[in-house]
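Structure first, then comments.
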Amino acid sequence: MSVFRTFEAEIAKAVAALAAEGVLPAGLDTKNIVVEPPRDPSYGDLATNAAMVLAKPAGKKPREIADALVAKLKKDARVTAADVAGPGFINLRLDSTVWQAELRSAIQQHARYGDTTIGAGAPVNVEYVSANPTGPMHVGHCRGAVLGDVMANMLAKVGFKVSREYYINDAGGQIEVLARSTHLRYREALGESITIPEGLYPGDYLKPVGEALAKRDGAKWRDAPEADWLPAMKAAAVDAMMALIRDDLAALGIRHDVFFSERMLHQSGAIPAAIADLEKKGLIYVGTLEPPKGQKPDDWEERPQTLFRATQFGDDVDRPLKKSDGSFTYFAADIAYHRDKYLRGFARMIDVLGADHAGYIKRVKAAVAALTDRQGELDVKTCNLVKLLRAGEPVKMSKRSGDFVTLRDVVDEVGKDVVRFIMLTQKPESALDFDFAKVTEQSKDNPVFYVQYAHARIRSVLRRAATEAPGVPTDAAALAQADLARLTHPAQAALMKIVAQWPRVAEGAALSHEPHRIAYFLYDVASAFHALWNQGTEAPEHRFLGGGDPEITKARLALIQGVAAVLASGLAVLGVEPVEEMRG
RNA sequence: GUCCCCGUAGCUCAGAUGGAUAGAGCACAGGAUUCCUAAUCCUGGGGCCGGCAGUUCGAAUCUGCCCGGGGACACCA
């Protein structure tokens with residue numbers, strides 16, 4: 001449990017005690033009380049808004065409550081100072097042993113530091129990527145891929161039981177296009193010369209699929225009617241494309257637990273079952289929709305449709321479940337898919353989608369609310385575009401000619417770690433610039449480098465300690481026993497407190513589904529470390545290996561080992577490797 | 001026309017679910033080197049948080065109406 005959580009509990013206890021004494025009314029809600037680092041470190045170590053939150057329900061002045069709480073909190077031996085400030089903030093200063101204990105636990109737990117059980121093993125389903133299996137992954141997919149993956153990592157870290165899921169859109173019209181394109185490549189493999197008409201996929205990646213089919217089936221499908229070969233082409237092509245996609249994902253360090261096929265949903269009867277479910281709740285009817293305002297599609301016709309009452313659950317219009325030819329819409333299948341997740345035990349679901357799907361969110365949420373009688377919880381995260389730049393100039397991409405930038409191109413050029421980290425350097429709702437020149441630059445303009453460099457510096461010092469400070473141990477077990485009271489420099493104490501913030505940050509990021517907070521925090525940690533480092537360049541006696549006294553050196557090594565633990569722990573959540581050295 | 005995102009320093013962006021004097025990086029001006037080297041650090045200037053109302057002890061954060069930028073709007077996936 002983080003220091004902050006610990007004191008949240010202490011404050012709740014103090015509130016209960018005051019209630020028992022009749023100073024405060026009984027049964028006050030303490031859930032809005034937060035304990036956080038104060039804006040200005042000179043105020044103290046911890047700040048809480050407790051008195052202000054309780055003022056209204058208790059019918060008392062904030063300062064009055066604050067004074068009462070302070071009196072209670074001062075009795076805690078760990079609290080060395082407690083006072084009231086501003087409109088009613090309570091600022092606490094903690095004994096240094098509290099922070100020392102936290103540092104020891106960081107050293108001992110290393111990459112597992114920050115793991116908590118707050119998720120209590122509750123299942124969470126994170127669906128991400130879900131790119132159409134019609135070709136290799138496009139660079140546009142990688143932001144959502146990283147976002148979803150890191151979200152899954154974070155949730156696992158704080159104790160949820162996470163399932164990473166990929167929804168294979170293998171049932172729609174684009175799969176038929178893929179199958180026809182594959183058939184052409186198949187004929188090409190049999191010796192025909194082909195031209196690829198407009199509307200089919202021109203990419204070379206279908207060539208091996210055609211060749212494999214020619215080898216396996218011979219000329220069997222060459223002159224057969226389309227209806228005969230279509231299923232075989234579909235199956236082979238989808239399998240091959242999914243293999244490509246899995247490879248692409250692996251290059252990004254991503255592995256899903258479940259690949260869920262939309263086609264299976266159609267074949268299993270799950271869609272009518274889901275609709276029947278909604279029908280029982282009186283949420284299905286036949287009606288006609290208003291034509292869309294604005295640009296009206298050319299082929300718009302007014303006709304009665306099978307509709308889901310999405311408006312009862314916050315959507316703008318009711319949504320059709322069947323197309324004009326009687327088959328189910330994509331949304332109908334998606335309803336069945338989310339119902340399936342819920343029936344598999346996932347009351348918590350997260351979908352990561354592209355920003356162009358933003359208009360889709362309300363209806364899926366409506367469907368989940370309807371299907372689960374509002375028991376299921378779906379969070380949909382959308383992520384905006386990634387603008388590729390090369391030294392400031394936009395990279396031209398033309399989908400039509402097939403020369404788009406693939407995810408693999410980018411990963412091969414700059415590396416998995418850079419891609420993953422940079423994708424999280426901005427909150428997902430805003431567009432992100434990805435400049436090849438900048439992200440591989442070795443300067444503090446490049447946050448990946450900056451954080452990696454901090455870790456490398458620490459590792460370097462620890463390696464060097466063997467020769468420069470023989471007799472001082474550098475293994476975690478020994479460092480955890482160091483006399484941390486020897487850390488007397490204010491910057492050292494400050495860094496120790498930053499280390500202790502990691503569990504709180506990890507938890508906050510996980511519960512709010514905001515991975516970018518971790519990237520920003522790691523940058524701050526690195527920054528504090530680099531600053532301390534430079535204390536040593538100006539005053540050699542402040543160097544980690546320059547204290548003179550072996551006990552001092554040991555304490556300093558313990559401190560940076562703790563910093564390394566936070567960096568390793570945080571980078572592990574981001575799926576980025578902490579590096580040992582960066583020379584060269 | 002409706003809906004969804006975005007608008008914070010010259011530029012690129014954080015801002016923890018309503019808190020204290022709004023923060024970083026880049027750029028600009030000055031200074032400090034070699035425990036991973038100036039690959040880093042320190043100091044400094046720089047803001048009507050798009051605008052106007054409202055909610056309350058308190059708003060960059062919540063509500064409403066505007067302005068500007070992006071995206072989506074039966075049947076595609």
Side-chain angles (χ1 to χ4, degrees), chain A residues 32 34 36-40 43 47 49 52-53 55-56 61-62 85-89 91 130 132 134 169 171-175 262 288-297 299-303 305 307 315-317 319-320 322-325 327 329-331 333-334 354-362 382 384-385 425-433 438 441-447 449-450 453-454 456-465 468-469 504-505 508-509 511-512 514 516-517 520 523-524 527 530-538 540 543-546 556 581-583:
Chain A
N32 286 328
V34 294
E36 56 192 353
R39 178 172 292 287
D40 185 334
Y43 296 156
N49 60 356
M52 292 179 289
V53 170
K56 192 175 256 183
K61 287 185 183 140
F89 284 100
N91 292 322
S130 301
N132 291 339
T134 55
N169 297 132
Q174 90 285 357
I175 295 300
E262 182 189 0
T288 51
L289 289 172
E290 300 272 311
K293 301 277 189 336
Q295 321 98 310
K296 188 164 159 181
D299 55 350
W300 164 263
E301 50 168 346
E302 188 170 302
R303 61 179 183 84
Q305 290 178 299
L307 300 170
D315 200 358
D316 306 315
V317 286
R319 301 292 178 178
K322 282 187 179 175
K323 303 181 203 170
S324 50
D325 67 0
S327 63
T329 59
Y330 180 81
F331 178 51
D334 216 15
D356 54 337
H357 288 70
Y360 191 70
I361 297 175
K362 281 189 183 177
T382 59
N384 214 315
L385 300 173
T425 51
Q426 226 163 91
K427 59 183 173 199
E429 302 85 37
S430 39
L432 175 73
D433 287 350
K438 238 178 197 171
E441 188 177 299
Q442 301 212 330
S443 79
K444 69 174 174 183
D445 200 15
N446 176 2
F449 168 79
Y450 188 77
Y453 185 35
R457 272 183 156 173
I458 292 169
R459 299 301 303 159
S460 171
V461 172
L462 290 169
R463 283 192 299 270
R464 197 161 173 128
E468 303 232 344
R504 173 185 141 81
V505 171
L511 296 179
S512 60
E514 291 186 352
H516 70 277
R517 285 195 205 174
Y520 277 92
Y523 187 88
D524 288 344
S527 174
H530 286 309
L532 183 58
W533 175 280
N534 272 73
Q535 299 283 345
T537 56
E538 279 151 37
R543 290 185 190 169
F544 302 117
L545 298 174
R556 290 179 183 176
E581 65 176 329
M582 309 189 71
R583 287 178 199 280

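A note on names: the letters A, B, ... follow the listed sequences, proteins ahead of strands, and every chain is numbered from 1. Since we're looking at a predicted model, the values are computed, not measured.
- Atoms CZ and OH, on A:R319 and A:Y360 in that order, are 9.5 Å from each other to the nearest 0.5 Å.
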Below 3.5 Å between N/O atoms, which protein atoms pair up with nucleotides 23-27 of chain B? Just atom names and distances, please.
from, atom 1, to, atom 2, distance (Å)
B:C26, OP1, A:K444, NZ, 3.4

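- Annotation: the span from A:H530 atom NE2 to A:Q535 atom CD amounts to 14.0 Å, rounded to 0.5 Å.
- Between the P atoms of B:C36 and B:C26, the separation comes to 23 Å (whole Å).
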Check the interface with nucleotides 10-14 of chain B: list each N/O to N/O pair with the protein under 3.5 Å, or write none.
from, atom 1, to, atom 2, distance (Å)
B:C13, OP1, A:Q426, OE1, 3.2
B:C13, O2', A:Y520, OH, 2.7
B:A14, OP1, A:K427, N, 2.7

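- A:N49 contributes atom CG, which lies 8.0 Å from atom CG of A:N32 (distance to the nearest 0.5 angstrom).
- When the P atom is used for both B:A59 and B:U21, the distance is 11 Å, rounded to whole Å.
- Nucleotides B:A22 and B:U61 are separated by 14 Å at their P atoms, to the nearest Å.
- In this structure, OH of A:Y330 is placed 17 Å from P of B:A74, rounded to the nearest angstrom.
- Place A:D40 and A:K322 on RNA chain B by their nearest nucleotides, and A:D40 ends up nearer the 5' end.
- Across all strands, A:V317 comes closer than 4.0 Å to no nucleic acid atom at all (heavy-atom distances).
- The base of B:U40 is paired with the side chain of A:N534 by a donor and an acceptor separated by under 3.5 Å.
- Between the side chain of A:N91 and the backbone N or O of A:A47, no donor-acceptor pair lies under 3.5 Å.
- Residue contacts for A:A531: at a heavy-atom cut-off of 4.0 Å it reaches the sugar-phosphate backbone alone, with no base atom in range.
- Within the 4.5 Å cutoff, the side chain of A:L432 has heavy atoms near those of the A:T425 side chain.
- Using atom P as the reference point in both B:A53 and B:G45, the two lie 31 Å apart (nearest Å).
- The aromatic ring of A:Y360 does not sit over the base of B:A72; the criterion of centres under 5.5 Å apart with planes under 30° is not met.
- Counting to the nearest Å, the P atom of B:C41 and the CZ atom of A:R543 are 17 Å from each other.
- Residue-level contact check: A:E302 touches neither bases nor backbone, having no heavy atom under 4.0 Å from any strand.
- No side-chain donor-acceptor contact under 3.5 Å links A:S327 to the backbone of A:K323.
- As rounded to whole Å, 12 Å separates atom C1' of B:C75 from atom CG of A:L307.
- Ring-to-base geometry places A:W533 in a stacked arrangement with B:C35 (centre distance under 5.5 Å, plane angle under 30°).
- To the nearest angstrom, C1' of B:C5 lies 13 Å from CG of A:D356.
- The minimum heavy-atom distance between A:A55 and A:K61, with the atom names listed, is CB-C, 4.5 Å.
- Nearest-nucleotide positions on RNA chain B for A:F331 and A:G546 put A:G546 closer to the 5' end.
- In terms of heavy-atom proximity, A:E581 sits nearest to A:A456 at CA-CB, 3.9 Å.
- A:R319 has its CZ atom 12 Å from the P atom of B:C76, to the nearest Å.
- Qualifying salt bridge (charged side-chain N to carboxylate O under 4.0 Å, His left out) partners for A:E514, counting only residues two or more places apart in sequence or in other chains: A:R517.
- Rounded to whole angstrom, the span from the CD atom of A:E538 across to the C1' atom of B:U34 amounts to 13 Å.
- In this structure the side chain of A:H516 reaches within 4.5 angstrom of the side chain of A:P428, judged on heavy atoms.
- Taking 4.5 Å as the limit, some side-chain heavy atom of A:L532 sits within range of a side-chain heavy atom of A:F544.
- Contacts of A:N91 with the nucleic acid, taken as non-hydrogen atoms under 4.0 Å apart, include base atoms.
- Annotation: B:U2 and B:A20 have their P atoms spaced 36 Å apart (nearest Å).
- Applying the salt bridge (charged side-chain N to carboxylate O under 4.0 Å, His left out) rule to A:K322 yields no partners; only residues at least two apart in sequence or on another chain are considered.
- Contact between the side-chain N/O atoms of A:S324 and the OP1/OP2 oxygens of B:C75 is not found at any separation under 4.0 Å.
- The nucleotide whose nearest atom lies closest to any side-chain atom of A:E429 is, among B:U17, B:C4, B:C6, B:C6.
- Base contact: A:R463 has a heavy atom under 4.0 Å from a base atom.
- B:U56 atom C1' lies 16 Å from atom CG of A:N49, rounded to whole Å.
- Comparing the P positions of B:A14 and B:C62 gives a spacing of 15 Å, expressed to the nearest Å.
- Among the protein residues, A:Y43 comes within range of the nucleic acid bases, having at least one heavy atom under 4.0 Å from a base atom.
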Secondary-structure notation, RNA chain B, from Watson-Crick and G-U pairs under 3.5 angstrom (| other strand): (((((((..((((.....[...)))).(((((.......))))).....(((((..]....))))))))))))....

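- Residue contacts for A:P320: at a heavy-atom cut-off of 4.0 Å it reaches the sugar-phosphate backbone alone, with no base atom in range.
- Partners of A:R463 according to the salt bridge (charged side-chain N to carboxylate O under 4.0 Å, His left out) rule, which considers only residues two or more places apart in sequence or in another chain, are A:E580.
- Nucleic acid contact for A:G508: none, since no nucleic acid atom lies under 4.0 Å from a heavy atom of the residue.
- For the P atoms, the distance linking B:G50 with B:U8 amounts to 6 Å, nearest Å.
- Nucleotides B:U40 and B:U34 are separated by 11 Å at their C1' atoms, to the nearest Å.
- In this structure a side-chain-to-backbone donor-acceptor pair under 3.5 Å is present from A:T329 to A:P320.
- Between B:C36 and A:R464, a contact under 4.0 Å exists linking OP1 or OP2 to a side-chain N or O.
- Using a 4.5 Å heavy-atom cutoff, the side chains of A:Y330 and A:N169 are in contact.
- Distances were taken from every side-chain heavy atom of A:V505 (C-beta onward) to each of B:C36, B:C75, B:A16; the shortest belongs to B:A16.
- What separates NZ of A:K56 from P of B:U56 is a distance of 7 Å, to the nearest Å.
- A:T382 comes within 4.0 angstrom of nothing in the nucleic acid, heavy atoms only.
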